[in-house]
Every structure is written in structure tokens, then in C-alpha cells.
Undergrad: 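Quick one: the structure is below, and I'll ask about it shortly.
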Amino acid sequence: MTNDFNQTDNYVLSNELEESIKIAELTKRPLLIKGEPGTGKTLLAEYYAKKKNYPIYRWHIKSTTVAGDGLYFYDAITRLNDSRFQDNTQRDVNNINDYIRFEAMGQSFKSDVQSVLLIDEIDKADVEFPNDLLLELDKMQFNINETGETVKAIHRPVVFITSNSEKELPDAFLRRCIFHYIDFPNEVMMKDIVHAHYPEIEKDLLNNALSIFYKLRGADELRKKPSTSELIDWINILLHQGVDLKKIKSIPFLGSLLKNEEDVEKLK
Amino acid sequence: MFLDFFYGLRAHNIPVSTRELLDFIDVINKYSSEGEQIDSQRFYQIAKSVFIKDIKYYDAYDQAFSATFSNIIGESNFKDLLSKWLEDAKKTKLSDQRKKDAMNLPSEELIKELQKRIDEQKERHDGGNKWIGTGGTSAFGHSGFNPAGIRVGGAGKNRSALAVAGERKFKEYRTDSVINIRQIKLALKKLRLLKKSGKPKLDIKKTIDKTVANAGEIEIVKSRSRKNNLKLVLLMDVGGSMTSFSQRVSDLFSAANQTNHFKELHHYYFHNIFYDDLYTAPIFNQDYEISLEKIYKRHGRDTKFIIIGDGYMAPYELFQMTSNMKDFYYSFKKDSKKSNRTGLDQIKSIMRQYPDTIWLNPEGKSLWQEPTISAISKTIPMFELTVDGLEKGIKSLLGAGK
């Protein structure tokens with residue numbers, strides 16, 4: 001039994017999502033995944049890589065990320081330093097390639113086996129960012145300006161892109177993607193998910209916990225609705241504390257389900 | 001019929017292009033050559049993944065799907081329909097070279113390609129009735145499909161695609177009907193005018209690049225950061241017929257305030273229409289009065305104006321200064337410098353002063369035939385106060401005056 005939500009062993013894949021992955025594989029297009037926080041968008045790429053036994057290269061996007069960051073990095077400072085004080089180094093200052101380091105996307109292109117490339121939270125970057133990646137994603141190649149070399153993917157990596165919808169993505173970019181929205185799991189599927197994490201959970205406890213959980217999610221006035229990862233945490237606490245949900249009057253350990261102070265106040 | 005579906009999607013304002021259609025045919029072809037079975041549920045899913053790129057279109061997709069397929073097929077016929085279509089599609093299979101070229105096809109060729117498919121589709125469509133219900137002789141048999149390899153969750157398996165589509169559970173994600181603060185913020189983020197500003201600062205990366213290019217001879221590079229240089233003024237109609245829209249207006253207002261990436265953001269209020277004055281708070285008395293003259297002096301010509309109001313009022317309020325109105329209006333004023341301008345005159349004058357002005361109307365377009373609204377919309381570009389309308393308005397704000 002494990003209680004770490006971020007484990008790929010327990011990932012439950014829906015029919016629809018599996019279909020979308022298959023389509024992305026067939027069309028060789030990136031799979032763009034959106035969905036509520038906590039529905040396992042990032043985890044999907046990890047799960048897929050593990051299942052297929054492909055190496056995974058992760059590129060986590062920040063607000064300052066630009067397209068070039070994912071390709072390669074030219075370490076000019078080290079080279080400058082080496083040119084002045086060239087002691088005990090294996091790098092050849094005359095060979096520019098010794099100072100070029102490949103980043104996630106570059107690494108996945110260079111990989112000599114089929115790989116998975118995860119571009120996580122693409123909407124964090126500037127609005128123009130996805131457009132700057134069009135050529136790289138289409139042709140799966142890029143140039144190293146410093147050497148004039150062209151890096152072409154040996155095996156087209158399977159690309160997963162996640163987004164939290166903070167920014168609208170440009171049309172030209174969207175047209176090149178297969179899109180999937182991870183719907184919030186319904187009760188039947190949620191049972192599977194919880195079972196995958198806690199195979200020995202009692203039926204009563206599970207049913208009661210889920211009915212409370214979905215009632216909470218149904219409440220309109222909540223600012224932040226609890227998600228799957230919060231449910232898993234909460235059930236973990238319930239199991240450890242041995243709470244009988246039938247006997248209690250208020251929801252125990254509410255803090256693990258609701259992360260917003262106002263929400264907790266409302267339900268008290 | 002399946003091309004009808006494609007055009008049905010377009011008719012529902014979903015941006016689908018030939019590229020997606022070719023992708024879709026590609027998927028179906030590959031599935032069929034692998035001997036995969038496709039029932040209507042799967043067809044629904046595949047088309048959705050390939051054609052739809054945002055959850056805001058899911059609802060429109062469901063509607064288009066129901067509209068195209070609901071009265072034509074029962075579940076059992078669907079397989080026959082699809083397999084027949086696929087058989088034909090296989091014959092017109094694209095060569096590998098063409099597929100490679102597909103992305104680089106010039107637009108005329110794409111259109112030609114599409115036209116070809118449309119012609120073929122028509123033939124099938126005309127003869128359509130006769131093959132409904134014929135037995136499935138193709139690779140697409142009956143037995144339930146059994147996905148290999150990856151574990152599958154149990155949910156939602158036995159529901160027909162039409163039932164799923166009919167549910168319309170993605171209704172609330174439509175953007176042309178609802179607007180909330182977050183969506184407005186996203187839209188407002190697009191309202192920007194980047195300009196280099198501030199003191200030049202040392203640009204380390206460029207300095208190093210230059211220095212390296214100079215073979216170690218240090219060369220300092222300085223640059224300035226870019227900031228949003230956009231100045232925005234909101235004019236808001238409050239009270240009266242606007243009361244029912246107050247939530248949306250205040251959402252827009254708070255979103256604009258929270259966005260806080262504008263160089264300047266100011267807001268003024270009016271009731272129904274403005275004459276010589278606006279108000280700095282939604283309280284209409286002299287203490288908060290500010291004349292248009294002052295506003296013209298205060299805000300430069302490059303300021304963008306967004307006026308929010310329903311434009312719905314008694315016609316004389318807009319078109320005339322009747323003696324009654326005038327007296328009523330000037331009875332509040334001590335220093336009666338009367339300009340005798342009508343509301344419409346003042347709108348025109350704002351438009352002259354600030355060429356980048358738009359009007360956002362919370363009333364739906366169907367009401368814009370009203371005389372006062374249509375008169376205003378002829379003077380100022382008018383958009384609906386929805387996310388779509390706001391985005392269009394912002395585009396027009398940024399497009400003009402440059």
C-alpha cells in the first residue's frame with residue numbers, strides 16, 4: 001500500500017484519454033492536455049513513459065522561459081574563463097561543441113531511442129511562446145546558431161503538453177495539437193482510482209467518503225473545489241485515524257480537503 | 001454525411017481547418033488498416049480529439065454532433081455508414097509523399113483537395129439511403145473492442161455517443177455566453193502596448209556574447225526593459241436600465257483593476273448618456289463632477305477609451321436637449337456654461353478626441369436595432385460585453401490608431 005499520490009503505478013487511465021493518446025501517436029502530433037488542477041495532467045506523461053519504457057525529458061515552463069531555453073545552452077562564461085585560464089580542463093576552448101549543453105527538447109531529439117517529451121504548463125510563459133516552438137514541433141529539428149549544426153530528431157519524441165488555461169494558446173499552435181480535456185472523474189472512476197491507491201479500503205468507508213467528497217464539490221459557494229489529490233490525502237488520514245464516518249456530525253480533517261480559509265469557515 | 005459534420009462544426013463557430021480534416025482522415029485510415037473497430041462512441045471521441053482544441057468548444061461540438069447524427073442513424077446503422085465511408089476513403093488514400101507535403105500545401109491546393117473530397121462526398125451522400133442497413137462486410141466487425149496493453153478505467157463505457165453529446169455537460173465552458181473576472185483578466189492581458197522604458201541596464205548575456213565574439217576583449221552592452229505603455233479609461237453607465245447588468249460591469253471593472261499592468265487606468269461614471277460632465281464616483285452630484293473639457297486635457301490622445309453601457313434610453317436623451325431636459329440638467333450647475341450639445345454630439349466629440357474608443361454593450365445584439373443603440377453603434381464601434389466581444393473590441397482598439 002502506498003500513500004504517495006505522485007506515483008505512476010496507481011494511475012488510472014480513462015477510455016477517452018487512452019483514445020486521445022493513440023490518436024496523437026498516429027498523427028505524430030503533440031497531445032495538449034488541459035483539466036482541473038489535481039487531475040493528473042503531468043502524471044500522464046510520466047505514466048506513459050513508464051508504461052512504454054521510454055526515457056522522459058521534462059521541460060517545466062516558467063514565466064520567464066523563452067523557446068530557445070528548451071533546445072540548448074551555450075556556456076559562454078565557461079568558455080571565456082577557459083580561454084584565459086586554461087588549466088586542468090578536458091574542454092577544448094577551440095571546440096565550440098564542448099560548450100554546448102542540450103536542454104530537455106534537444107536531449108529528446110538527440111536520444112537514440114524513442115523518448116517522451118513533457119512540456120509542462122506551457123501557459124505559464126509569454127503569450128507568444130507557443131508560436132516560437134511551431135517549427136521545432138513540426139519538423140522536429142533546430143539549428144545551433146553558434147556552430148551552424150542542425151539537430152534533427154532521430155526518433156520523433158511523443159510530446160505531451162500540459163496547460164492550466166491561464167493564457168489562451170495561439171490558433172496556429174492549437175491547430176498542430178491533439179487536444180484532450182481531462183474531465184473530473186465521476187464516482188465510478190473515482191472508486192477505481194482510490195482502490196488503486198488503497199486496495200484494502202473498506203467498502204463502507206469508501207462509499208461514505210466519496211459521497212461527502214462529491215457533496216462538497218457540488219457546493220456552489222466554494223472558491224476552490226477539492227480535487228483528486230486532496231481526496232487521496234484525506235482518505236489516507238481517515239484510514240490512519242480510524243474514523244467512522246457514520247458516527248460523526250461534521251466532516252473531520254476538513255483542512256486537508258479545503259485549502260481556502262473562507263471555504264473552511266463557510267462549512268463550519 | 002461526415003463532411004456535413006465537418007461543415008456542421010464550422011457552422012457552430014468551431015475553428016476547424018483542412019489540416020484537422022486531413023488529420024482526421026489519416027487517423028481513420030490508420031485505424032482501419034490496423035483492423036481497429038470504430039463504433040459511434042469511438043467516432044465521437046476521435047473526432048473530438050482531432051477537431052476540438054479548447055474546452056469552450058466542447059458544447060458546440062456536442063450540439064453539432066447531435067444535429068448531424070441524431071435523426072439519421074440508430075447505433076446499429078452507424079457502423080455500416082462509417083465503414084462504407086471508410087472503404088471509399090481508403091480508395092482515395094493519400095500517397096505518403098502527399099501526406100508529407102500536406103503541411104506545406106499552398107492554400108489553393110488545400111482548397112482543391114477539399115473540393116475534391118466534397119465532390120466525392122456528394123456522390124456518396126446522394127446514394128446514401130441505399131446503403132443504410134447493409135451488412136458489414138468490411139474490417140469493422142461487431143464484437144466489442146478490447147483495448148490492449150494499458151489498463152482502462154470502468155467509467156462511462158456503455159453509453160452511446162449521442163447520449164453523451166446530448167448531455168451538454170460542457171455548456172458552462174462556452175465563452176460566448178458567460179463572462180467572469182478571470183476570463184476578463186485574460187482578455188485584458190492582451191490589451192498592451194509594449195515600449196522600451198527606464199534606464200538602460202547591463203545586459204549580461206549580450207555582454208558575454210559580444211565579449212566572446214571579441215575574443216575576450218570586454219564589451220559592455222546595455223539595454224532597456226519593455227513595459228506596457230497603455231493608458232486606459234473606462235466610462236461606465238450605472239443605474240437605471242443598467243442595474244441588471246451591474247454584476248458584469250463590476251466584474252469587468254475589478255478585473256481591469258486587478259490586472260494592474262496598464263500604465264494608467266482611470267474610470268468615470270455616467271447615467272444613460274453624458275452631456276458636459278462625467279462623474280468620478282457612481283454618485284451623481286457636483287462634488288464628483290468632472291467636465292469633458294477637463295478629461296480631454298487630462299488624458300492624451302493616445303489613451304484608449306472603453307465605454308460600457310446599454311445605450312438604451314429615451315430617444316430625446318440622446319438626440320435633443322429639450323428645454324425640460326436642459327433645465328433639469330443645468331439646475332444642478334452653478335456656473336452654467338451651457339454647451340447645448342446633445343448626447344450624440346458628445347459621443348462624436350469623444351470619438352474625435354480619442355480615435356481608439358470602443359463601446360461594450362451588455363445587451364445582446366438582437367436589441368441593437370433600438371434607435372438610440374443603433375445611433376451610438378454607428379458612431380462608435382460597438383461590441384457585446386462577453387468574452388468574445390471583449391476580445392474583438394480589444395483587437396479593434398489595438399488595430400486602430402497605429
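Each chain gets a letter, A, B and so on, in the order the sequences are listed, and its residues count up from 1.
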Undergrad: Can you say whether A:R175 sits under 4.5 Å from chain B via the side chain, the backbone, both, or neither, judging by heavy atoms?
TA: both

Undergrad: With a 4.0 Å cut-off on N to O distance, would you call B:K30 and B:D26 a salt bridge?
TA: yes

Undergrad: B:F65 and B:Y58: aromatic ring centres closer than 6.0 Å?
TA: no

Undergrad: Considering only NZ, NE, NH1 and NH2 on the basic side and carboxylate oxygens on the acidic side, decide whether B:E20 and B:K53 come within less than 4.0 Å.
TA: yes

Undergrad: Got a second to check how far A:N97's CG is from A:Y74's OH, nearest 0.5 Å?
TA: 10.5 Å

Undergrad: Top residue by heavy-atom pair count (under 4.5 Å) with chain A, among B:I52, B:V16, B:I204, B:V50?
TA: B:I52

Undergrad: Where does B:V27 contact chain A at under 4.5 Å (heavy atoms): side chain, backbone, both or neither?
TA: both

